[in-house]
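Below you'll find the structure, written out as structure tokens, and then a few comments.
Every chain is numbered from 1, with letters handed out A, B, ... down the list of sequences.
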Protein chains: 2
Amino acid sequence: MSTISDVAKRAGVSAMTVSRVLNGTGHTSAHTRARVEAAIEELGYVPNALARQLRSKRTKTIALVVADISNPYFTTIARGVEDFFVAHGYSVMYCNTDEDEAEEEQYLLMLIERQVDGVLLVPARSSGESFRLLQSHRTPVVVIDRRVTSRNVDSVRCDSEAGAHSLVEHLVGLGHRRIAMLTGSPSISTSMDRVLGARRALEEAGLELPESMIHYGSFNYGKSNQADGHRMAMDMLAGPEPRPTAVFCANNFIAFGAIKALRESGLRVPDDMSVVAFDDLPEEWVSEPFLTVARQPAYEIGHRAASLLMDHITGSQAPTGQSVILPFELVLRRSSAAPNPDVAAAVVTARAAGPVGGRATLPSPAPVAIANAGPAHRGSGPDEAIA
Amino acid sequence: MSTISDVAKRAGVSAMTVSRVLNGTGHTSAHTRARVEAAIEELGYVPNALARQLRSKRTKTIALVVADISNPYFTTIARGVEDFFVAHGYSVMYCNTDEDEAEEEQYLLMLIERQVDGVLLVPARSSGESFRLLQSHRTPVVVIDRRVTSRNVDSVRCDSEAGAHSLVEHLVGLGHRRIAMLTGSPSISTSMDRVLGARRALEEAGLELPESMIHYGSFNYGKSNQADGHRMAMDMLAGPEPRPTAVFCANNFIAFGAIKALRESGLRVPDDMSVVAFDDLPEEWVSEPFLTVARQPAYEIGHRAASLLMDHITGSQAPTGQSVILPFELVLRRSSAAPNPDVAAAVVTARAAGPVGGRATLPSPAPVAIANAGPAHRGSGPDEAIA
DNA sequence: TTGTATGCGTTATCAC
DNA sequence: GTGATAACGCATACAA
């Protein structure tokens with residue numbers, strides 16, 4: 001309500017002196033500083049950030065643009081980002097694109113209009129039109145979670161290819177030979193890197209990952225709030241015999257939908273089908289963790305990307321086109337086990353007759369084996385690789 | 001980069017004409033409009049929202065201030081808020097207070113500085129210093145999730161007292177007599193309303209809820225990322241004999257921590273102890289929903305609060321001090337069952353000897369009974385009550 | 001140590 | 001229908 005000149009009048013000084021007291025710039029005598037502070041207190045004066053930002057050309061605001069902030073993976077990234085930037089006096093704006101290019105562009109335009117100091121972006125497409133818009137307006141940008149084709153932009157992500165390789169290698173080691181894959185959109189690098197890793201693991205074992213075993217869908221629920229993993233798993237079960245004995249879901253939401261579909265179809269995990277996936281839920285949320293996963297270091301991804309963006313904002317380091325690749329962690333749980341040929345055969349005939357009897361469904365809660373994947377497979381450093 | 005006068009020069013008109021074209025205000029001939037639009041396109045001009053906001057005194061931005069946006073309850077509220085405001089051309093800023101008064105005040109000051117048009121607030125304390133700060137700066141505010149003592153502020157929340165009453169009534173109906181309660185901070189109205197509801201249900205059955213059966217803690221993880229429900233459940237188990245046969249957790253995070261503590265202590269749910277709670281996880285995230293809960297209509301809470309705030313912002317309706325109370329939904333699942341005196345007695349002697357044998361642990365997946373609680377217990381309308 | 005003039009980019013107001 | 005001028009609230013550059 002009251003302005004800097006109101007304070008100035010009341011303190012009997014100029015507006016400039018008030019400004020100096022507020023910002024701690026220049027020198028002011030203890031006496032006038034006290035008078036100014038008293039006036040500020042009396043008027044309940046709060047500076048207008050808009051005017052300040054317009055003048056100084058810095059908003060002390062950055063934006064985090066992701067597919068869906070309610071995905072725990074992105075939520076954890078967000079905490080890493082927020083912790084870093086709040087500690088440095090910045091505010092963070094969150095934007096959900098639902099993987100939609102049009103929404104993404106609209107948000108980026110809005111952010112440019114609002115003069116944010118920088119953007120952390122999970123791009124809906126790898127082609128990179130989106131961050132070119134930012135760059136043309138001299139807005140620093142760091143890409144998160146995905147590869148992009150441009151050579152001018154820094155990015156931070158997890159090693160998807162290696163994580164997928166480890167998960168599928170684990171399945172193959174258990175004896176699985178027919179492994180299906182449920183992944184995201186082919187236009188997202190993360191989707192495809194996980195396909196590549198899975199395929200590499202299979203080929204190393206003399207097996208194949210034919211396109212007919214790969215189902216493409218969406219990583220998130222989108223506006224329909226529908227789990228695409230459910231549909232993909234149904235498609236998989238409706239496919240040609242023999243049924244796969246294991247399925248690799250390329251992210252958490254896909255896995256949830258798939259598991260629900262399997263249950264509805266009367267199939268048991270892992271007896272009738274093993275399930276492995278990328279991404280973990282926060283351990284506090286799950287009383288009996290069940291799913292074998294490659295866990296991404298989401299908090300660190302957010303924190304590292306934030307730190308990198310800050311370097312670009314302050315100008316202490318220009319973008320070099322580097323990719324920071326952080327290692328995953330393989331977490332083995334009960335959803336993956338050796339294939340059971342008897343049950344698999346039985347189910348084929350009993351498919352319309354509901355759940356199959358036989359072995360125990362849920363093993364009693366057991367200690368969870370955690371194998372640390374260590375550095376990325378082509379890693380060089382102790383806890384990360386710079387590619 | 002380029003400004004409105006750059007565009008004006010290029011189009012051979014005044015800045016004012018460009019402004020008119022941009023905003024669609026006043027009259028401009030089709031010819032000059034075309035020239036202006038061409039210049040905008042050629043320069044890649046994007047208006048500066050800061051200058052615009054400084055001039056117009058409206059930022060088209062509102063803030064949602066909650067304890068922790070990674071709590072699915074608040075995340076769902078946030079979607080309701082965002083859907084409403086984005087549809088009306090507003091941006092939403094998210095702020096996490098971790099229930100900390102100091103952080104809350106800091107955020108509110110920041111929001112006032114940034115001249116947000118309104119604030120949706122989950123206050124850390126019911127006393128209401130926080131929104132008095134907003135009101136003194138003429139910033140519209142609507143309180144979410146909690147009662148406040150002030151008569152001048154509108155609020156939207158779920159009927160905590162009735163929800164707690166229903167859950168405990170359900171436990172009593174199953175035969176439970178010793179029911180413990182794990183709740184949040186006593187300074188949060190939601191914590192206490194749920195205690196009151198539980199107590200009323202017990203007293204209606206001629207039972208009591210003594211203070212010794214109530215454990216107070218934190219609704220969220222806070223910075224330590226520790227589940228307080230775990231500690232409270234441990235305290236409960238370390239309490240005097242006989243042990244309670246059921247426990248009511250006042251929110252989802254408390255329930256997760258408590259269930260983990262019970263499992264670590266070798267107790268089975270519901271065989272050794274029934275568990276009921278407030279709040280549900282999104283159904284997509286849980287393959288076999290297990291917990292009996294009172295589900296709050298989080299999306300609607302967010303949406304209604306947003307709509308109310310918008311009325312205050314546009315001035316179409318002044319705050320009247322009303323409380324919008326939305327009904328909960330009782331969802332009965334496998335975590336609550338009749339008490340089992342045999343097992344309870346056995347466990348007392350076997351406490352140091354690890355898990356107790358006997359009955360089956362996890363019943364096989366069964367259809368879930370959903371009882372709709374209908375309108376709030378003192379409700380008047382078809383789907384809500386205005387108190 | 002303090003004050004004055006000026007401009008950040010936009011829009012309201014008035015004049016033409 | 002279009003343009004000149006002032007002002008939003010603050011901070012930079014320079015002067016005293």
Distance in angstrom units between B:R33 CZ and D:dT2 P, rounded:
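My rounded result for the distance is 9 Å.
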Rounded distance (Å) that lies between atom C1' of C:dG9 and atom CD of A:Q53: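 It works out to 14 Å between those atoms.
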- Between the axis at one end of the helix from C:dT1-D:dA16 to C:dC16-D:dG1 and the axis at the other (five pairs apiece), what's the angle to 10 degrees?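 Taking the rotation axis at each end, their angle is 40°.
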Do the side chains of B:V119 and B:F131 get nearer than 4.5 Å, heavy atoms only?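 SC-SC contact between B:F131 and B:V119 ruled out.
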**Side chain proximity check, A:Y73 to A:I77, heavy atoms < 4.5 angstrom** =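 Side-chain contact under 4.5 Å: yes.
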Item to check | Euclidean distance, B:Q106 CD relative to B:L111 CG, rounded to 0.5 Å | outcome: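 With rounding to 0.5 Å, CG (B:L111) is 11.5 Å from CD (B:Q106).
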* Below 4.0 angstrom from OP1 or OP2 of D:dG3, is there any side-chain N or O of B:T17? ->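 For D:dG3, OP1/OP2 do have a side-chain N/O of B:T17 under 4.0 Å.
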Is [Y] paired with [X] through a side-chain N to carboxylate O contact shorter than 4.0 Å?
| X | Y | answer |
| --- | --- | --- |
| B:D68 | A:R79 | yes |
| A:R146 | A:E99 | yes |
| A:E105 | A:R132 | no |

Checklist entry - Under the criterion side chain to side chain donor-acceptor pair (under 3.5 Å), which of A:E104, A:E101, A:Q135 is the partner of A:S130? => result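 The option that passes is A:E104.
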Protein-proximity profile, nucleotides 6-13 of chain D, B/S/- by nucleotide at the 4.0 Å heavy-atom cutoff, equals BBBBBBBB
Please list every donor-acceptor pair under 3.5 Å in which a side-chain atom of residues 8-19 of chain B meets a protein atom from a residue at least two apart or in another chain.
residue	atom	partner	partner atom	Å
B:R10	NE	B:E42	OE1	2.5
B:R10	NH2	B:E42	OE1	2.9
B:S14	OG	B:M16	N	3.3
B:S14	OG	B:T17	N	3.3
B:S14	OG	B:T17	OG1	3.4
B:S19	OG	B:N23	ND2	3.4

